[in-house]
Engineer: 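One structure follows; several queries about it will come next.
Lettering follows sequence order; numbering is per chain, from 1.
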Amino acid sequence: MARILITSALPYINGIKHLGNLVGSQLPADLYARYMRARGHEVMFICATDEHGTPAELAAAKAGEPVAEYCARMHGVQKRLADGFGLSFDHFGRSSSARNHALTQHFAGRLAEAGLIEEVEETQVFSPDDGRFLPDRYIEGTCPACGYERARGDQCENCTKQLTPRELVNPRSAISGATNLELRATKHLYLRQSALKDRLDAWIDSQKGWPILTTSIAKKWLHDGDGLQDRGITRDLDWGVPVKRGDAPWPGMEGKVFYVWFDAPIEYISATAEWADAQGLDDAAWRRWWRTDEGAGDVRYVQFMGKDNVPFHTLSFPATLMGSGEPWKMVDYIKSFNYLTYDGGQFSTSQGRGVFMDHALELLPGDYWRWWLLSHAPETGDSEFTWENFQASVNKDLADVLGNFVSRVTKFCAARFGPQVPAGGDYGALEHVVADELAGKLAAYARHMEAMEVRKAAAELRAIWVLGNEYLQEAAPWSTIKSDEAAAEAQVRFALNLMRIYAVISRPFLPEASGRIMVALACADWSWPVAPARALEALPVGHAFEVPEMLFRKITDEERAAWAERFAGVRA
RNA sequence: GGGCCUGUAGCUCAAUGGUCAGAGCAGGGCGCUCAUAACGCCUUGGUUGGGGGUUCGAAUCCCUCCGGGCCUACCA
């Protein structure tokens, strides 16, 4: 039994995430966590909401709520949606927790002692009307290069020229439109990542088999231009982790907070501490996952994230951990994903384009979405959501192949032999052939799951479901029963056992439906079919079951058309 | 501008430099009747974006052109 630590990139607090966010981190992380638990490993699966930063403050202001209340409310919303999608976090924490405040300050203190923090005096744009410093991106103006009037202070979206706020013509606040902007001096802390460049480079080099997407992004940042640059880790904001040096004040930094990207990854650790607190356990319980000197030496740590998160997880966060000089557990494998696009374009919150988590659950249960998203995960490149494709996958894979298999087996058995596992006959040549085939496919399925090859795992799982229908067609118990009732009973018994195996192995993808199959079978034996031949005899003869309700319903053409219309957004 | 990824059947995707480039869906034919008008079997369909090169051998490696996407450090 191994110990596996799994973290999903933290969803940001300002609003409800869309399906692209879900499939890029939380969903595949959950798949992996569920699979590893099913195989008997000890798993710690951590996620949290990322609650700090300017966008959270603005979203709260827009909602007319104090930011702390807004975050608490939105955390609840995201938690409920996560539950709706069956995300099996051991703990879903909050980056605003007391644990994270303390740990973030601890790391800052350690980094300062190691000489890896530099205080930099700089000038930034301040907006008196907004009462805040404005990040470059929150300053708009006319692009000096192309004349585009809504260029942002970091880059012109029209001509892609990189800008600084000072270059903009007629700059104004993107928040309020205020034009009386001024430059103010302010002091910030920088993490001296450049001092750790060689260690980070060597560490990346020592990782074998990471996705190209992961290493190429890291290498680019390490070697581009002047190499890895230092990064500001504080901001002039009210909402966040107050800048402290450990638990001591940091002179000159009063009223400032740490930058979200400094405190957010630390929340992976803090959330594990929050978990221990919630379980009534002591610090040793979470430290055995994170401190290699306190039991984490045998932990395998896997992170899941969208490609936009890679630089922070390959460079900044590792720099924080390394720089602390303490033996914190570093990531062993980073699984990164490309983007999911919606019907030929991008998901867009502002334009209401695409499907968001709350709307998705209004239409169909989480399992339907889990199946489509995971079987089409954007692993090798961006992948596209279309309603036609979604409808086809759900109807064919879930309703016809798996759902109908369960239906035909249970109904036939109940009608001919009664609702219990029939006792007659023995497995014959055909059953042994199918058992061998099943063993081969199960091994392939396990290989793909362990390698986190999500789409291949889904394809293999589907092939295992198909095997059941092939078997029924070949065995044809509805014919057998006419001449040899005992043989037909054995065939049905075999199929019922297949059904239990399907529930067990499908659970990482379809937790809810798998649960319903097991309830129908009145079975609590979730043991993984490591020896398929024996697993095909797991259900005791005479064991009573119920014919389950329809496992998956189909999506009609009318629904598909209506949904496509509803979620098309304002843009043509 | 720079960097990275990508282009394979109508659609979504496979294929450590090595048999006739494979699946699923869609299309066509046949079979079955237990089942959610479902299932099974067979089958049509590809000059692997274009061109050049390396090699006994290229979807795969190199060059070039065309198309799509992402990143580029103060959104997170």
Side-chain angles (χ1 to χ4, degrees), chain A residues 9-14 50-56 58 122 124-125 133-139 152-155 160-162 164-165 174 188 193 211-213 215-217 219-221 223-225 228-232 235 259-261 264 306-312 315-316 338-339 341 346 375-376 378-384 386 388-389 391-393 395-416 453 455-456 458-459 462-463 466 468-481 488 491-492 495 549-554:
Chain A
L10 308 187
Y12 196 64
I13 195 70
N14 71 338
D50 178 12
E51 305 193 356
H52 297 136
T54 307
L58 297 179
E122 55 194 10
Q124 291 194 346
V125 176
F133 282 92
L134 298 177
D136 291 358
R137 194 165 288 216
Y138 283 94
I139 301 160
R152 294 185 318 210
D154 58 338
Q155 185 173 39
T160 74
K161 181 181 169 59
Q162 292 196 46
T164 67
H188 283 296
Q193 299 184 135
I212 294 171
L213 187 62
T215 48
S216 66
I217 291 172
K219 285 291 179 180
K220 172 69 166 32
W221 282 51
H223 300 296
D224 193 43
L228 188 61
Q229 293 174 33
D230 296 339
R231 179 176 275 272
R235 291 292 183 273
Y259 177 42
V260 283
W261 261 115
K307 58 186 169 187
D308 52 331
N309 275 326
V310 169
F312 303 100
L315 302 169
S316 308
N338 288 280
Y339 292 142
T341 62
Q346 293 186 339
S375 62
H376 294 79
E379 289 178 296
T380 51
D382 292 351
S383 68
E384 184 182 11
T386 67
E388 289 78 7
N389 197 306
Q391 179 192 28
S393 286
N395 291 359
K396 203 70 202 171
D397 301 344
L398 297 183
D400 291 347
V401 177
L402 177 60
N404 186 49
F405 173 77
V406 167
S407 180
R408 63 196 299 206
V409 171
T410 51
K411 285 183 178 172
F412 180 81
C413 182
R416 302 308 185 92
E453 295 262 25
R455 280 187 314 209
K456 287 180 183 173
R462 185 190 190 282
V466 167
N469 285 310
E470 288 172 351
Y471 169 74
L472 281 183
Q473 184 66 28
E474 179 73 19
W478 50 89
S479 295
T480 313
I481 194 172
Q491 291 169 343
V492 168
E549 292 294 304
M550 185 180 284
L551 212 50
F552 297 103
R553 75 173 186 85
K554 295 198 184 188

Engineer: For B:rG18 versus B:rG31, give the span between their P atoms, rounded off to a whole number of Å.
Structural biologist: 42 Å

Engineer: Please give me the minimum heavy-atom distance between A:P135 and A:T54, naming the atom from each residue.
Structural biologist: CG-OG1, 3.8 Å

Engineer: Give one of base, sugar-phosphate or nothing for A:E470, where a contact means two heavy atoms less than 4.0 Å apart.
Structural biologist: sugar-phosphate

Engineer: Just to be sure I understand the rule, does A:V466 reach a base, reach only the sugar-phosphate, or reach nothing, if contact means heavy atoms closer than 4.0 Å?
Structural biologist: sugar-phosphate

Engineer: On the nucleotide B:rA15, are OP1 or OP2 found under 4.0 Å from the side-chain N or O atoms that A:K456 carries?
Structural biologist: yes

Engineer: Considering only atom C1', compute the distance from B:rU16 to B:rA21 and round it to an integer number of Å.
Structural biologist: 16 Å

Engineer: Compare side-chain N and O positions of A:R455 against OP1 and OP2 of B:rU12 and report whether any pair is under 4.0 Å apart.
Structural biologist: no

Engineer: Which part of the nucleic acid, if any, lies within contact of A:G403, taking any heavy atom under 4.0 Å across all strands shown: a base, the sugar-phosphate backbone alone, or nothing?
Structural biologist: base

Engineer: Within the pair A:Y259 and B:rC75, is there a side-chain N or O less than 4.0 Å away from OP1 or OP2?
Structural biologist: no

Engineer: Give me the distance, rounded to whole Å, that separates B:rG52 from B:rA14 when you measure between the P atoms they each carry.
Structural biologist: 28 Å

Engineer: Checking contacts here: which listed nucleotide (B:rU12, B:rA76, B:rC25) is nearest the side-chain heavy atoms of A:A392?
Structural biologist: B:rC25

Engineer: What heavy-atom pair brings A:D50 and A:Y12 nearest, and what distance separates the two atoms?
Structural biologist: O-CD1, 3.1 Å

Engineer: Using a cut-off of less than 4.0 Å, is there contact between a side-chain N or O of A:T380 and OP1 or OP2 of B:rA14?
Structural biologist: yes

Engineer: Under 3.5 Å, is there a donor-acceptor pair linking the side chains of A:R455 and A:T380?
Structural biologist: yes

Engineer: Ignoring backbone atoms, establish whether A:R137 has a side-chain N or O less than 4.0 Å from OP1 or OP2 of B:rC75.
Structural biologist: yes

Engineer: B:rA76 C1' sits how many Å from A:K307 NZ, rounded?
Structural biologist: 16 Å

Engineer: When both hydrogen-bonding distances must be under 3.5 Å and the geometry is Watson-Crick or G-U wobble, what is B:rG22 paired with, if anything?
Structural biologist: B:rC13

Engineer: Answer with base, sugar-phosphate or nothing: what part of the nucleic acid does A:T54 contact at a heavy-atom distance below 4.0 Å?
Structural biologist: sugar-phosphate

Engineer: Can you find a donor-acceptor N/O pair under 3.5 angstrom joining the side chain of A:Q124 to the base of B:rC74?
Structural biologist: yes

Engineer: Say you pick atom C1' in B:rA23 and the same atom in B:rA58; how far apart are they, in whole Å?
Structural biologist: 22 Å

Engineer: Take atom CZ of A:R408 and atom C1' of B:rU36, then tell me their distance rounded to the nearest Å.
Structural biologist: 11 Å

Engineer: Please determine whether any donor N or O and acceptor N or O are separated by less than 3.5 Å between the side chain of A:N404 and the base of B:rA38.
Structural biologist: no

Engineer: Classify A:D400 by what it touches in the nucleic acid, base, sugar-phosphate, or nothing, heavy-atom distance under 4.0 Å.
Structural biologist: sugar-phosphate

Engineer: Should the pair A:F412 and A:W478 be assigned to parallel (<30°), tilted (30 to 60°) or perpendicular (>60°) ring geometry?
Structural biologist: perpendicular

Engineer: Map A:D50 and A:W478 onto RNA chain B by nearest heavy atom, then report which one ends up closer to the 5' terminus.
Structural biologist: A:W478

Engineer: Just to be sure I understand the rule, does A:R553 reach a base, reach only the sugar-phosphate, or reach nothing, if contact means heavy atoms closer than 4.0 Å?
Structural biologist: nothing

Engineer: Identify whether any heavy atom of A:P55 sits under 4.0 Å from a base atom; if not, whether one sits that close to sugar-phosphate; answer base, sugar-phosphate or nothing.
Structural biologist: sugar-phosphate

Engineer: Looking at B:rC39, I'd like to know if its phosphate oxygens (OP1 or OP2) sit under 4.0 Å from a side-chain N or O belonging to A:K396.
Structural biologist: yes

Engineer: Rounded off to whole Å, could you give me the CG-to-P distance for the A:L402 and B:rA35 pair?
Structural biologist: 18 Å

Engineer: Using the closest heavy atom to pick a nucleotide of RNA chain B for each, name whichever of A:E384 or A:D308 lands nearer the 5' end.
Structural biologist: A:E384

Engineer: What is the distance from CG of A:D397 to P of B:rU12, rounded to the nearest Å?
Structural biologist: 16 Å

Engineer: Return the value, rounded to whole Å, for the distance between atom CD of A:E474 and atom C1' of B:rC41.
Structural biologist: 10 Å

Engineer: Are A:F405 and A:V401 side-chain neighbours, meaning at least one heavy-atom pair lies under 4.5 Å?
Structural biologist: no

Engineer: Within this structure, what is the NZ-to-P distance between A:K219 and B:rG3, rounded to whole angstrom?
Structural biologist: 17 Å

Engineer: Round to a whole Å and report the spacing from CD1 of A:I481 to C1' of B:rU33.
Structural biologist: 14 Å

Engineer: NA contact type, A:S393, heavy-atom cut-off 4.0 Å: base, sugar-phosphate, or nothing?
Structural biologist: nothing

Engineer: Using the P atom as the point on both nucleotides, what is the distance between B:rG28 and B:rU44, in whole Å?
Structural biologist: 15 Å

Engineer: My understanding is that a pair needs two contacts under 3.5 Å, Watson-Crick or G-U wobble. By that rule, which nucleotide pairs with B:rA59?
Structural biologist: none

Engineer: Ignoring backbone atoms, test whether A:Y471 places a side-chain nitrogen or oxygen under 4.0 Å from the OP1 or OP2 oxygen of B:rG40.
Structural biologist: no

Engineer: Calculate the interatomic distance between A:N395 atom CG and B:rC11 atom P; express it in whole Å.
Structural biologist: 21 Å

Engineer: First locate atom CG of A:D400, then atom NZ of A:K554, and finally report the distance between them rounded to the nearest 0.5 Å.
Structural biologist: 3.5 Å

Engineer: Who is the Watson-Crick or G-U wobble partner of B:rC32, with both distances under 3.5 Å?
Structural biologist: none

Engineer: Going by purine N1 to pyrimidine N3 plus the second Watson-Crick contact, or the G-U wobble pair, all under 3.5 Å, which nucleotide sits opposite B:rG7?
Structural biologist: B:rC66

Engineer: Base, sugar-phosphate, or nothing for A:E122, non-hydrogen atoms under 4.0 angstrom?
Structural biologist: base

Engineer: Looking at every heavy atom in both A:P165 and A:I139, which two are closest together, and how far apart are they?
Structural biologist: CB-CD1, 3.7 Å

Engineer: Is there a donor-acceptor pair closer than 3.5 Å between any side-chain N or O of A:S407 and the backbone N or O of A:G403?
Structural biologist: no

Engineer: For A:R231 and B:rC74, is the shortest distance between a side-chain N/O and OP1 or OP2 below 4.0 Å?
Structural biologist: yes

Engineer: Taking atom C1' in both B:rC63 and B:rU55, compute the distance separating them and give it to the nearest angstrom.
Structural biologist: 16 Å

Engineer: Name the nucleic acid region contacted by A:Y339, choosing base, sugar-phosphate or nothing; use a 4.0 angstrom heavy-atom cut-off, strictly under.
Structural biologist: sugar-phosphate

Engineer: Between B:rC75, B:rC39, B:rC4, spot the one nearest the side chain of A:Q473, thanks.
Structural biologist: B:rC39

Engineer: Between A:Q193 (side chain only) and A:Q229 (backbone N and O only), is there a donor and an acceptor less than 3.5 Å apart?
Structural biologist: yes

Engineer: Taking the P atom in each of B:rU60 and B:rG2, what is the distance between them to the nearest angstrom?
Structural biologist: 25 Å

Engineer: What interatomic distance, in whole Å, is found between P of B:rU47 and the corresponding atom of B:rC62?
Structural biologist: 25 Å

Engineer: Scan A:L551 against the nucleic acid and name what it touches under 4.0 Å (heavy atoms): base, sugar-phosphate only, or nothing.
Structural biologist: base

